[in-house]
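Take a look at the structure below.
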Protein chains: 2
Amino acid sequence: MATDCRNCPLRPRPLFDDMSESELAFMRNFKTGELEVEAGAQLMMEGANAPHLYTALEGQGLRYKTLETGERQVINFVLPGDFIGLQAGVMNVMYHTVEATTRMRLCVFNRAALWSLFEEQPERAYDLTWLSAVEERFLGESLAMLGHMSAEQRIARAFLRLQDRGTALGMVKNREMPLPYRQQDLADALGLSLVHTNKTLKSMRERGLADWRGGSMKILDYSGLCELAEMEEDRSLTPRPLI
Amino acid sequence: MATDCRNCPLRPRPLFDDMSESELAFMRNFKTGELEVEAGAQLMMEGANAPHLYTALEGQGLRYKTLETGERQVINFVLPGDFIGLQAGVMNVMYHTVEATTRMRLCVFNRAALWSLFEEQPERAYDLTWLSAVEERFLGESLAMLGHMSAEQRIARAFLRLQDRGTALGMVKNREMPLPYRQQDLADALGLSLVHTNKTLKSMRERGLADWRGGSMKILDYSGLCELAEMEEDRSLTPRPLI
DNA sequence: CGCGACGTTGAACTCAGTCAAAGTTAGTGG
DNA sequence: CCACTAACTTTGACTGAGTTCAACGTCGCG
């Protein structure tokens, strides 16, 4: 039973912008259904086109590129509210793969209708560009992270960024949130080897900074982590459009 | 004397998509003038808003982020045809700085008119999103590069990417193109130290791969560089919109 | 119970960073 | 025309964070 956009569980969150009546009407029409996929499913494949666009409703996933050498670069972690398939939508081909890490529920949009969005809903088109610009910003920050930070700092920063997003989505209780990824996933996101990631995680656990085991990540020393990651202690995410 | 968009020196290049009459008319109106800046000028500043958007017409520049520690992360090299200020346009603030490396000539657009672009010119809005998606793709590749490649490979890849862009812009003669950056700029782009960049450049020069000195970069062994960079020898850039 | 996926640990090695100093070049002003 | 400076490049020596290799441990599942 598909959720009506009017009852979207995500949109009421302060993280997401309000939607006008006309936008809502458009979205209800734009949305063609819902999809539930099992953990491990590939939603989008690098090099392929895709007939659908998605917005994650529930569950968690990964975006990654596969390199010629077989290694992976994780581009980002996919959480509820994330729009999936913009590249395929405008460029007709994906340049990274999107995979479900847990079982996921997704809103499905018809790619062919994307053009009508630009024609009929300039606000929504603007929002799409906004999202793309945010992603660009995020990737720029990731680049800086890989270019200039130690393993410990990268992990601290990744944890804090995830916690920020998790907080805005109500996934955090008592500085603890579900993080159902493997160590290899984090290593591939941060440009580190699995072994070194493992050792650094252990040291951070022992030093009482953060504890990530069994699919759940808990921040133990918030201030310490912020300092390590060179991040403000007082942060909040800018509200963003939901598509 | 400002160039009329009808006589745009860039648009006829195969790198750029054709433009319809109505798009051209819109662009002529959207463009409010031209700006010429000296080498070293900052066009956009991180954290600040900007009243204007630009498209580079001539000259070369840099996009970079400044980190808390004072280090820089170069995000990308700015060449003619690049659109500057999308972040400021949609997010009201830049998250990186854009600086002219050489004297530059730029088309100037009024930021306030950006919204009219979305309202009146869905094709142009689509193009803008397209550009943003391309940038996202590029950053994803850069991330993979920093995460998984050796210093030599990163430099090889950077050179080839620049040469691809330079070729499409007619800046390459005999596998040689102007590259007016400092070694520090490349180092900051690739997440390497200046010293190591210098030594790697020397070794690549001595091994007959590529020679970059005095503001000019020449590829000596194309096949060798491609192999090193894990790139196809036979590449071409997808035509893209010019804004 | 055995297999596969994931996590943990130790040892050896190496690529790249840091430090420190000298060389080169272009520009400036006396 | 030459001393002087500032920006950039080059070089050598030393160091260490992170990789690689190779096991071993643990847990859930068919």
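All of these numbers come straight from a predicted model, not from anything done at the bench. Note on naming: letters A, B, ... go to the chains in the order of the sequence lines (proteins, then strands), and numbering restarts at 1 for each one. The figures here come from the full heavy-atom set of this structure, side chains too, leaving out hydrogens, waters and symmetry mates.
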Going by heavy atoms in the side chains, are A:R105 and A:L35 under 4.5 Å from each other? no
Rounded distance (Å) that lies between atom [atom2] of [N] and atom [atom1] of [X]:
X: B:E71; N: C:dG17; atom1: CD; atom2: P; value: 11 Å
X: A:I155; N: D:dG18; atom1: CD1; atom2: C1'; value: 12 Å
X: B:Q183; N: C:dT25; atom1: CD; atom2: P; value: 13 Å
X: A:M149; N: D:dA17; atom1: CE; atom2: P; value: 16 Å
X: B:L179; N: D:dC8; atom1: CG; atom2: P; value: 15 Å
X: A:H196; N: D:dA17; atom1: NE2; atom2: P; value: 9 Å
X: A:R182; N: C:dC6; atom1: CZ; atom2: C1'; value: 8 Å
X: A:L194; N: C:dT8; atom1: CG; atom2: P; value: 9 Å

Are B:F109 and B:Y54 an aromatic pair, judged by ring center distance below 6.0 Å? no
Using a heavy-atom cut-off of under 4.0 Å over every strand shown, decide if A:S150 touches base, sugar-phosphate, or nothing. sugar-phosphate
Applying a 4.0 Å non-hydrogen cut-off, can you work out what B:G191 is touching in the nucleic acid: base, sugar-phosphate, or nothing? sugar-phosphate
Can a side-chain donor-acceptor contact be found between A:Q87 and A:N92 if the only test is distance below 3.5 angstrom? no
For the base of C:dG10, is there a side-chain donor-acceptor partner from A:K199 under 3.5 Å away? yes
To the nearest 0.5 Å, atom CD1 of A:I155 lies from atom CE of A:M149 at 12.0 Å
At under 4.0 Å, does any side-chain N or O of [X] touch on OP1 or OP2 of [N]?
X: A:K202; N: C:dT9; answer: yes
X: B:Q184; N: D:dA7; answer: no
X: B:N198; N: D:dT9; answer: no

Does A:E227 CD have over 12 foreign heavy atoms under 6.0 Å away? no
Could you pick out which residue, A:W212 or A:G147, lies toward the 5' side of DNA chain C when each is mapped onto its nearest nucleotide? A:W212
